[in-house]
Asks: 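Pasting a structure below so you can have a look.
Residue numbers begin at 1 in each chain, while the letters A, B, ... track the order of the sequences.
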Amino acid sequence: MRRQKLADLRAAGFDPFRANVAPTHFSQDAKALHVDEQDNTVTVTVAGRLVTFRVQGGSSFVKIQDQQGQIQLYFRKDVLGEERYGVFKKSLDLGDIIGVTGTLFKTKTGEITVRIESFTLVSKALRPLPEKWHGLSDAEQVYRQRYLDLIVNQESRHRLMTRARIVSAVRRFLEDRQFLEVETPVLQSVAGGAAARPFQTHHNALNTDFVLRISLELYLKRMLVAGYDRVFEIGRNFRNEGVSRRHNPEFTMLEVYQAYSDYRGMMTLVRDLLTHLVRDVVKPLDADGQPSTKIKHAQSGQEIEFGGEWREVKYKDLIIEKTGDSEWFSRSKDEKVAGVQKLGLYADPKWEEFELTNEIFGKLIEPNLIQPTFVTHLPKELCPLAKITQDDATTIDVFELIIGGMEVAPAYSEQNDPDVQRSMFEAQAGEEQQKIDHDFLLALEHGMPPAGGMGIGIDRLCILLTGAESIRDVILFPQLRNALN
RNA sequence: GGGUCGAUAGCUCAAUGGUAGAGCAGCAUCCUUUUAAGUUGUUGGUUCCGGGUUCGAAUCCCGGUCGACCCA
């Protein structure tokens with residue numbers, strides 16, 4: 001039927017797919033031009049997709065939607081003429097993309113509307129839009145055909161628009177502080193900087209195997225060696241692991257490195273960044289409609305308070321608090337196995353001691369840290385890339401920022417002693433083992449300034465700041481299995 | 001990888017083992033300030049796929065595909 005309309009238009013000498021318009025304004029900018037008591041004095045050209053269609057005899061109201069939102073259009077037979085009005089009624093369908101020119105006025109219900117003087121069909125929708133009231137709710141179709149979700153579900157439009165604004169604001173925030181954005185390789189010989197299974201690939205011309213990066217860290221540190229004292233990268237990492245509400249095989253990471261700083265400097269930086277994003281980008285309102293710094297956490301239902309001081313606590317203190325055992329860290333491995341089991345968790349005697357302890361942290365502590373919390377002084381086995389704490393050789397100078405029960409940002413005082421770095425790589429154990437990048441060690445031997453470094457999972461940050469349920473809701477096209485037909 | 005649940009018209013959803021339906025969209029009709037517009041009429045189905053049980057399967061059983069949630 002829609003194809004018939006298209007054929008009819010073409011037969012009449014008009015091909016919508018060869019037409020175009022020159023919009024003068026986006027929808028909301030256009031509406032802002034209307035002056036009260038002065039109807040039909042301002043002319044605008046706007047364009048967008050037809051999303052509601054209310055034809056009533058000789059006059060009709062329709063709405064189009066563009067990047068900024070929707071704007072109502074008013075078509076009259078006596079303005080357009082019999083023939084054009086007929087074309088409007090007969091040839092257009094919901095979902096079509098049109099450009100229109102007309103004057104702004106306010107309807108008797110108070111909605112600023114464009115009184116149409118001319119219109120052009122610039123793209124014909126050959127398939128119908130999903131239902132207008134319920135939108136698109138089939139999760140699979142929402143993800144596979146995200147464009148439909150974004151057309152009809154305002155909530156998705158807003159959430160994913162907010163993500164774009166968050167990423168943009170992060171860039172500006174860092175650039176204002178003289179950080180340089182750099183781009184480092186996705187194809188790497190060694191998947192360093194984290195412990196994760198990488199995707200493997202092969203370069204034909206070089207006849208070389210590569211992996212897709214699992215972290216940005218080691219190349220950004222080479223840039224510190226290079227004398228770029230403040231660098232950051234916002235880039236995609238890839239991990240060949242499970243898919244869940246918090247994991248997508250490709251995800252976006254921000255990593256920031258600042259020479260002559262340390263993990264405490266990163267603490268200030270990340271808190272300033274997040275409060276800026278909440279106050280100036282997300283701009284939540286409280287129950288009375290006043291600006292707030294609280295965002296509702298979808299999983300727990302609690303309000304997360306981003307303003308004020310954030311809790312800071314040592315990893316060991318959290319473990320001692322949870323186990324009720326002040327001597328936990330001097331217990332034998334067998335005692336730790338028993339202790340973990342006593343807390344109702346599975347404990348495998350084959351695990352390393354730090355893994356037993358970390359099971360308690362991961363299962364019982366982290367998920368309950370809803371308010372922003374800096375967990376500091378993690379066991380050194382959890383990361384080989386940080387500096388050892390001066391007065392406690394079992395911990396490292398790092399924090400993990402936990403919000404909403406999720407690790408949002410780890411930060412370190414970066415290890416810059418090449419010999420210590422090498423021995424820490426070699427001493428790695430358990431699940432946390434990272435591959436050794438010898439070229440990176442070579443770079444360190446040339447001298448890297450002392451530095452603070454930090455990573456922020458942008459997807460997880462967006463989950464928190466938009467109150468989303470799942471990582472899939474903040475990624476435009478989340479990974480799904482192939483749908484063969 | 002394991003468990004639970006789900007897949008029916010373009011979309012949102014119904015349907016005791018007994019003729020597969022509604023709303024919206026579509027099509028036709030009336031309507032010159034509507035707000036999920038309204039009016040009258042109407043088209044539309046490989047019930048995810050493949051087997052099985054049965055006189056008879058959207059419905060019960062087995063296998064598969066895809067998805068959601070939980071667990072690892």
Asks: Taking only the side-chain heavy atoms of K132(A) (C-beta and beyond), determine which of U33(B), A37(B), G67(B) contains the nearest atom.
Replies: A37(B)
Asks: Name the closest nucleotide to the L94(A) side chain, picking from G26(B), C31(B), U32(B).
Replies: G26(B)
Asks: Between U34(B) and Q72(A), counting only base atoms on the nucleotide and side-chain atoms on the residue, is there a donor-acceptor pair under 3.5 Å?
Replies: yes
Asks: Taking any heavy-atom pair under 4.0 Å as a contact, classify R127(A): base, sugar-phosphate, or nothing.
Replies: nothing
Asks: As a test of reading the structure: which of C66(B), A37(B), U12(B) is closest to the side chain of R481(A), going by heavy atoms?
Replies: C66(B)
Asks: Using heavy-atom distances to pick each residue's nearest nucleotide on RNA chain B, tell me which of T52(A) and K89(A) is more 5'.
Replies: K89(A)
Asks: Measure from the side-chain heavy atoms of R2(A) and tell me the nearest of C66(B), G26(B), A36(B).
Replies: G26(B)
Asks: Taking the side chain of R144(A) as heavy atoms from C-beta outward, which of U34(B), G67(B), U32(B) is closest to it?
Replies: G67(B)
Asks: Tell me whether the side-chain N/O atoms of K90(A) come closer than 4.0 Å to OP1 or OP2 in U29(B).
Replies: yes
Asks: Any side-chain N or O of K5(A) less than 4.0 Å from the OP1 or OP2 oxygen of G26(B)?
Replies: no
Asks: Could you check how far CG of N482(A) sits from C1' of C49(B), rounded to whole Å?
Replies: 17 Å
Asks: Give a yes/no on whether any side-chain N or O of K108(A) is located under 4.0 angstrom from OP1 or OP2 of U34(B).
Replies: yes
Asks: Where does the angle between the aromatic ring planes of F75(A) and F88(A) fall among parallel (under 30°), tilted (30 to 60°) and perpendicular (over 60°)?
Replies: parallel
Asks: Judged by atom type as modelled, is there a donor-acceptor pair below 3.5 Å linking the side chain of S168(A) to the main-chain atoms of A164(A)?
Replies: no
Asks: It should be established whether R54(A) places a side-chain nitrogen or oxygen under 4.0 Å from OP1 or OP2 of nucleotide U34(B).
Replies: no
Asks: Does one side chain, of T376(A) or Y263(A), offer a donor that lies under 3.5 Å from an acceptor on the other?
Replies: no
Asks: Have a look at V55(A) and say if it touches a base, only the backbone sugar-phosphate, or nothing, with a 4.0 Å heavy-atom cut-off.
Replies: base
Asks: Go through G26(B), C13(B), C66(B) for me and flag the one nearest to the S137(A) side chain.
Replies: C13(B)
Asks: Over 60° means perpendicular and under 30° means parallel, so tell me whether F440(A) and F425(A) are parallel, tilted or perpendicular.
Replies: perpendicular
Asks: In whole Å, what separates the P atom of U40(B) from that of A25(B)?
Replies: 14 Å
Asks: If you check the D93(A) side chain, which of A25(B), C11(B), G26(B) turns out closest?
Replies: G26(B)
Asks: Considering only the C1' atoms, how many Å lie between G1(B) and C11(B), rounded to the nearest integer?
Replies: 35 Å
Asks: Would you indicate what G135(A) reaches in the nucleic acid, counting non-hydrogen atoms under 4.0 angstrom: base, sugar-phosphate, or nothing?
Replies: sugar-phosphate
Asks: Write down the distance separating the C1' atoms in U4(B) and U46(B), rounded off to the nearest Å.
Replies: 29 Å
Asks: Using atom CD1 of I112(A) as one end and atom P of U34(B) as the other, report the distance to the nearest whole Å.
Replies: 17 Å
Asks: Tell me the interatomic distance from D138(A), atom CG, to G10(B), atom C1', rounded to whole angstroms.
Replies: 13 Å
Asks: Please work out if L480(A) contacts a base, only the sugar-phosphate, or nothing of the nucleic acid, heavy-atom cut-off 4.0 Å.
Replies: sugar-phosphate
Asks: Would one find a side-chain N or O of R246(A) under 4.0 angstrom from OP1 or OP2 of C69(B)?
Replies: no
Asks: Measure from the side-chain heavy atoms of K363(A) and tell me the nearest of C24(B), U33(B), A72(B).
Replies: A72(B)
Asks: Atom NE2 of H134(A) to atom C1' of A36(B): distance rounded to whole Å?
Replies: 10 Å
Asks: Any side-chain donor paired with an acceptor under 3.5 Å for Q68(A) and D29(A)?
Replies: yes
Asks: Nearest nucleotide by nearest heavy atom, which residue falls closer to the 5' end of RNA chain B, Q141(A) or E111(A)?
Replies: Q141(A)
Asks: Shortest non-hydrogen contact from V278(A) to S292(A)?
Replies: CG1-O, 4.5 Å
